[in-house]
Protein chains: 2
Amino acid sequence: MLDLNSLLYPRSIAVVGASTQPDKVGGMPVRLLRELGYAGELYPVNPSSAEVQGLRAYGSIAAIGKPVDLAIVAVPAGASEDVMAQLGAHGTGAAVFFTSGFAEAGEAGVRMQERLARSAREAGVTLLGPNCLGAMNLRERMFATFSPIPLSGVPPVGEVGLVSQSGAFGAYAYALAREAGLGLSHWVTTGNEAGLQVADVIAWLANDANTRVILAYIEGCRDGARLREALAAARAAGKPVVITKVGTTAAGARSAQSHTASLTGEDAVYQAVFDAYGVHRAHTLEEFFRLGYVLSRGRRPALPPREPGQSVAAAAPLAIVTVSGGVGIMMADRAEELGLPLPAMPEHAAETLRTAIPFASTANPIDVTGQVVAQPRVFMEAIAGVARSGSYGCVTVFLAGGANAPRLWPELQQTIGTLADDPQAAPLLLAGIVDDDKRAWLESRGCLVFREPAHAVEAAATLARAAAMQGGDGAGTQADDRRQPTAVSLPRDLAPTATALSEAEAMQLLADAGIPVAPHGLAHDADEAVRIAEALGYPVVVKLCSREILHKSDVGGVALNLADAPSVRDAFGRMAQALAGARTEAGLPVPFEGVLVARMVRGWGEIMVGVRRDPVFGLVALAGIGGTAVEIFRQTACGLAPLSRAQARAMLVDSKAAALCEGHRGNPALNLDAAAQVLAAVSQLAARLGERLDTLEINPFIVSAQGLVAADAVVTLRCAQGRAT
Amino acid sequence: MLDLNSLLYPRSIAVVGASTQPDKVGGMPVRLLRELGYAGELYPVNPSSAEVQGLRAYGSIAAIGKPVDLAIVAVPAGASEDVMAQLGAHGTGAAVFFTSGFAEAGEAGVRMQERLARSAREAGVTLLGPNCLGAMNLRERMFATFSPIPLSGVPPVGEVGLVSQSGAFGAYAYALAREAGLGLSHWVTTGNEAGLQVADVIAWLANDANTRVILAYIEGCRDGARLREALAAARAAGKPVVITKVGTTAAGARSAQSHTASLTGEDAVYQAVFDAYGVHRAHTLEEFFRLGYVLSRGRRPALPPREPGQSVAAAAPLAIVTVSGGVGIMMADRAEELGLPLPAMPEHAAETLRTAIPFASTANPIDVTGQVVAQPRVFMEAIAGVARSGSYGCVTVFLAGGANAPRLWPELQQTIGTLADDPQAAPLLLAGIVDDDKRAWLESRGCLVFREPAHAVEAAATLARAAAMQGGDGAGTQADDRRQPTAVSLPRDLAPTATALSEAEAMQLLADAGIPVAPHGLAHDADEAVRIAEALGYPVVVKLCSREILHKSDVGGVALNLADAPSVRDAFGRMAQALAGARTEAGLPVPFEGVLVARMVRGWGEIMVGVRRDPVFGLVALAGIGGTAVEIFRQTACGLAPLSRAQARAMLVDSKAAALCEGHRGNPALNLDAAAQVLAAVSQLAARLGERLDTLEINPFIVSAQGLVAADAVVTLRCAQGRAT
């Protein structure tokens with residue numbers, strides 16, 4: 001992890017290119033640091049002015065006479081390299097470069113940025129930017145930015161650290177956080193990321209004592225491993241991470257590429273990364289801040305241990321207490337969409353409520369009706385009863401305008417106050433119209449308040465995820481049930497330029513890794529083909545086997561459902577002939593490697609499983625129902641390879657492939673864990689094959705009474721030198 | 001349409017059960033009407049007090065001495081019937097009954113409510129309630145409610161009419177509308193709906209001169225035809241309807257049922273109704289009001305005529321102008337999700353922008369960068385350029401905090417002012433932080449303002465839908481391309497208790513209606529079966545044909561892929577034998593109706609098409625990809641039958657069944673309009689079969705080079721007396 005203390009807790013700051021005009025890029029940081037109360041040392045550097053905004057100015061970095069923690073640099077792009085050299089020479093800890101005109105401005109800018117980055121690395125200066133809006137530490141009143149936005153107000157100091165690749169997004173987010181009263185610890189924009197990336201800031205915030213929740217905005221990630229390490233660090237520290245990742249659609253991705261030359265990458269892969277590390281994803285700014293609010297202020301529910309394969313939501317029973325039946329239904333709809341169960345009110349509490357309000361509904365939603373106005377005590381008892389019952393993860397309460405009603409508020413205060421002191425009571429999430437002062441009081445007691453009833457329900461799901469993560473959920477599952485590596489490796493005779501294995505070789509790798517494959521043999525002449533077929537039993541399938549020919553059926557290299565020896569002999573002849581006419585990419589004749597004879601495996605469905613190399617995040621696994629379904633519905637699930645069995649199981653469920661395994665249309669049910677283990681084994685095999693592997697695909701995996709059986713396998717390779725061919 | 005003028009524009013109001021205590025249910029309406037400035041006549045009715053809250057009170061309704069338009073009734077449930085009789089006797093126009101304890105309180109309450117409703121009908125009194133929170137006309141300061149909520153403030157008078165089945169939802173919505181400054185015309189809660197239903201209020205608002213947009217909340221609809229008529233009236237009047245329909249999930253539906261005994265019905269059917277009438281659906285309260293804001297205040301874009309099969313969104317090109325690349329990407333993501341195209345900036349405007357800001361992006365999103373602060377004029381020219389270019393439906397602009405910047409605001413005002421006067425300019429939708437006074441100014445110029453950038457994009461899609469609807473979209477499409485009825489009818493010899501047709505009869509109906517069916521014949525002995533098979537050509541399928549046996553394969557009544565005469569003969573024998581052992585539901589032997597011999601139709605996919613009778617809305621059609629897909633992915637589309645060809649086409653696209661028809665896996669592409677015509681013809685056949693039809697299902701419809709061919713057909717019936725058996 002990079003040390004960002006010089007950047008975010010600087011005891012001394014030099015402003016290089018400090019301007020006497022406070023509204024200029026080089027003047028604003030001086031103005032902000034002076035006016036808003038930064039307590040450290042401040043050194044304006046300006047060769048042509050003895051004084052800057054009432055402070056003594058220095059002619060050069062050298063003239064300061066001692067090392068500073070942070071340099072804020074506002075000089076033309078062309079002078080940046082020289083400034084960096086001076087900073088290095090004088091022991092500067094970190095530097096923020098505002099200047100644009102680097103990688104976003106064409107080829108020359110790219111090279112200039114590379115030189116700046118190299119020079120920073122060599123000098124040991126932590127570099128933020130260039131082309132960024134800077135950084136702030138709200139607690140220290142440290143405003144290393146040229147944005148005038150802090151002048152119109154500063155958000156409260158709090159425990160949410162915010163990092164944004166985009167400066168304009170960061171500024172808007174700052175303004176929205178201020179408006180929402182969301183307490184911030186740090187605010188960092190990374191711009192062109194020549195030095196620090198969003199991932200580095202996340203990793204550092206994970207260890208910052210003043211940060212409890214991390215909000216991040218990214219367009220694209222250049223270094224997948226770095227982001228994964230950062231997310232792992234946050235998870236290990238028990239700090240939730242909320243990410244808004246844009247460029248999720250083709251239109252968005254195109255615009256991201258033209259904007260900052262970021263490759264946004266495939267959204268499903270990002271989602272797989274986020275899922276693997278328990279990241280909370282926000283699709284709108286409203287959701288971004290709402291998640292920040294919920295995770296920084298909300299108490300975590302105490303949840304029962306989960307059963308294998310059970311989702312987090314399914315283990316987080318929710319109570320809905322409402323003064324409006326209609327709004328209760330809206331909330332129940334949202335709960336079901338999120339998978340939160342709604343168990344009925346415990347009998348004792350139900351009886352108390354029914355005695356007091358005979359027409360109240362004691363199912364869940366628990367509807368105390370408009371009677372709440374006349375009988376506030378009954379409402380409060382219902383809330384306290386369910387919160388203390390031990391039957392629920394969270395309790396959501398819709399009280400319309402009730403909190404502001406003079407008769408209700410004191411009762412509510414008393415109830416909330418008592419529950420806040422009871423660590424056994426479930427967290428409360430309120431929805432309704434609540435005056436600001438009352439809202440602040442409720443929040444200070446750990447009771448979150450929402451305008452939108454469905455948001456209270458969503459918060460329950462969010463807090464359940466956070467609680468599961470802090471309970472160690474997900475951490476380590478990648479490793480714990482992974483089998484020990486067996487001896488599998490690529491064939492020794494493989495040329496460095498080979499682009500694929502033959503199907504026989506691919507099948508052998510699967511078999512070596514313990515993955516069930518269709519019984520088969522490799523025939524080099526027609527007699528051998530028939531012998532193999534008769535040993536396997538008819539019907540069989542005959543396929544051309546070659547490292548060179550990937551799309552066998554295009555050249556007539558596949559014959560299915562052959563029922564007797566003459567058919568096999570005939571098929572062998574046709575394959576040999578097809579091969580005779582084939583040419584490699586280099587125009588050479590394709591060598592004969594044999595013909596694969598395999599038993600036709602019968603089943604009632606097909607699953608497709610693939611592993612491929614993502615340019616940013618490395619190996620990712622895909623699974624889904626095969627055939628028309630995968631092509632038309634595109635409902636595949638994606639996970640980082642190698643998969644644990646639990647992850648593989650979740651992918652089978654998410655892609656609905658599990659439905660084929662679990663007694664579809666009266667077929668026998670497969671053991672889903674066994675099926676998941678096969679999927680996990682495929683992903684682990686791919687990982688063990690090392691850097692040369694490009695893709696491994698099994699399509700179809702036949703779903704049969706014998707479990708999953710691979711009926712086809714394709715392995716493609718990258719050149720030995722690393723790059724995909 | 002019911003006349004609600006007495007209810008919503010009353011010139012005189014009696015409060016029956018008027019209380020001297022202003023906070024009681026019978027006291028609050030008197031207080032509200034007096035304090036808040038209702039200008040009509042007000043008659044408290046109270047037999048035991050000569051004065052009520054400073055007004056002369058009347059001992060009875062008769063004592064008023066003349067008919068009143070509206071009676072507000074706050075008497076115990078037991079006295080309601082008597083009051084209704086008096087109201088009727090004295091010529092009262094409408095009555096609001098607040099009292100609970102009717103249908104929601106058990107069997108006796110149901111009967112009491114039925115008597116109240118009958119008595120209102122007989123007396124010609126328009127009844128709102130019982131168990132409702134009343135109604136308001138904001139313009140007339142008419143507050144016929146016992147909710148104290150108007151005392152703490154009244155929303156501005158505006159053009160949004162709000163009707164809610166739930167009183168508590170209505171009250172909360174009132175408070176939120178007030179807070180959001182959303183202008184309301186009327187506010188109505190319908191409660192138990194013994195008289196007026198939400199549909200009646202929608203229909204009346206559709207003709208109310210002071211209402212431009214209708215917001216409705218419903219839990220369930222008792223009378224589908226009434227709701228459809230109301231929605232048709234709103235569409236004919238060019239008034240958008242926004243509906244929040246709760247109970248969309250199983251959990252929500254259960255809670256709705258226990259709450260008001262509403263059957264929420266199947267959500268897909270409601271969605272089909274909403275789609276048919278261009279209803280805007282809101283899933284959250286925030287969305288409910290945002291749609292109200294957009295539709296009541298937003299200018300409609302001028303859109304080009306749509307091509308056949310083109311969606312509304314696809315014909316509404318959007319411009320995104322942004323000061324932040326990152327936020328522009330978020331907006332582009334949302335545009336793509338909504339199907340709004342993002343064509344590049346017209347060349348002339350692009351050139352102007354590039355000349356002024358060389359590093360601006362002139363693709364779409366159009367990114368003017370942070371440079372906007374230094375060059376506000378360029379930003380304004382870019383906005384005006386795209387708005388006037390004629391290339392876009394709407395123009396969305398993200399300006400962060402820019403509107404509040406002293407240098408930007410006058411420029412923005414000037415640009416918006418000029419564009420507002422230009423009817424050719426595209427509507428502008430802004431996103432950013434804007435002070436309230438500036439926001440009001442922008443809105444007064446038809447320029448909507450959002451905090452969330454994605455909401456500006458959503459507003460563009462909403463306004464495109466509204467424009468399309470006002471352009472006559474959807475209206476009448478149900479009829480215009482429907483074929484003339486041909487002579488199709490159920491067999492004459494059908495018993496009134498028959499529950500199904502035989503497959504031969506069902507196939508004959510399809511053929512009569514011009515729907516392609518697999519060539520087939522009905523055989524009564526084995527020789528005839530073979531003769532038919534040989535005339536059709538092998539392979540054939542042989543199926544037991546019976547009105548009594550619906551699930552043929554359960555009794556061994558289906559033999560597929562028979563290749564020769566002995567197989568056909570053998571299959572015939574087995575079918576006859578299977579029938580011999582079968583019994584009807586009444587335990588009688590099943591009569592022999594013959595065996596169906598049909599050609600095996602070959603294709604590359606299967607579609608499932610069904611029509612069934614929804615208890616609320618009547619016939620609905622379903623379509624989707626057959627086999628595993630329909631069972632596992634459940635991606636079917638649903639529409640009201642009979643379908644127009646355009647609706648059928650949209651259903652094929654939505655369910656992805658169109659993908660099978662359009663050259664899937666290298667198969668020839670079918671004419672999608674022809675396929676849609678077949679689906680429309682099925683729905684029209686079902687409609688023509690009349691009240692006895694319960695379901696008609698074709699599964700599979702084989703997708704083949706000859707188009708769609710029905711390979712199986714099931715028709716089930718209701719008893720002749722109307723009720724489903």
Side-chain angles (χ1 to χ4, degrees), chain A residues 104-105 149 164-169 171-172 175-176 179 217 219 246-252 255-256 258-260 284-286 323-330 332-333 335-337 342 359 361 363 365 367 370 400-401 433 452-454 605 625 628-629 631-633 635 656 659-660 664-665, chain B residues 104-105 149 164-169 171-172 175-176 179 217 219 246-252 255-256 258-260 284-286 323-330 332-333 335-337 342 359 361 363 365 367 370 400-401 433 452-454 605 625 628-629 631-633 635 656 659-660 664-665:
Chain A
E104 83 286 5
I149 199 163
S164 168
Q165 195 176 341
S166 154
F169 181 96
Y172 196 54
L176 292 177
E179 197 180 59
Y217 163 93
E219 287 165 19
V246 298
T248 56
T249 63
S255 108
S258 74
H259 172 45
T260 53
T284 61
L285 276 159
E286 187 277 328
V323 302
S324 154
V327 173
I329 301 168
M330 285 183 94
D333 282 338
E336 174 146 330
E337 285 163 6
L342 296 170
F359 44 90
S361 167
D367 181 5
I433 297 182
E452 180 75 44
I625 294 179
T628 302
E631 289 160 22
I632 292 185
F633 292 102
Q635 187 151 354
K656 297 197 190 282
L660 279 184
H664 177 65
R665 280 194 172 178
Chain B
E104 83 285 5
I149 198 163
S164 169
Q165 196 176 340
S166 154
F169 180 95
Y172 195 55
L176 292 177
E179 197 180 58
Y217 163 93
E219 288 167 18
V246 298
T248 56
T249 63
S255 106
S258 75
H259 171 45
T260 53
T284 61
L285 276 159
E286 187 277 328
V323 302
S324 155
V327 172
I329 302 167
M330 286 182 94
D333 282 337
E336 173 146 328
E337 285 163 6
L342 297 170
F359 44 90
S361 166
D367 182 5
I433 297 183
E452 180 73 44
I625 295 180
T628 302
E631 289 159 22
I632 293 185
F633 293 102
Q635 187 151 355
K656 297 199 190 277
L660 279 184
H664 176 65
R665 283 196 170 177

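Computed from a predicted structure; not experimentally measured. The sequence lines fix the lettering, A, B, ..., with proteins before strands; numbering per chain opens at 1. Computed from heavy atoms alone, side chains included, the values below leave out hydrogens, waters and symmetry copies.
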Heavy-atom pair of closest approach, residues B/A659 and A/I632
CB-CD1, 3.7 Å
Mind ranking A/E452, A/E337, A/K656 by heavy-atom pairs under 4.5 Å with chain B and telling me who comes out on top?
A/E452
Which heavy atom of B/M330 sits nearest to which heavy atom of A/V246, and what is that distance?
CG-CG1, 3.0 Å
In chain order, what residues pass the side chain to side chain contact (heavy atoms under 4.5 Å, CB included) check against B/A175, with sequence neighbours excluded?
A/I433, B/I149, B/R178
Roughly how far, to the nearest 0.5 Å, is the CD atom of B/Q635 from the CD atom of A/Q635?
8.0 Å
Determine the minimum heavy-atom distance between B/A168 and A/S324, stating which atoms define it.
CB-CB, 3.0 Å
For A/P453 against B/L285, the heavy-atom pair lying closest together:
CD-CD1, 3.5 Å
Side chain / backbone / both / neither for A/A105 at chain B, heavy atoms under 4.5 Å:
neither
For the student: nearest non-hydrogen atoms of A/V327 and B/F169, plus distance
CG2-CD1, 4.0 Å
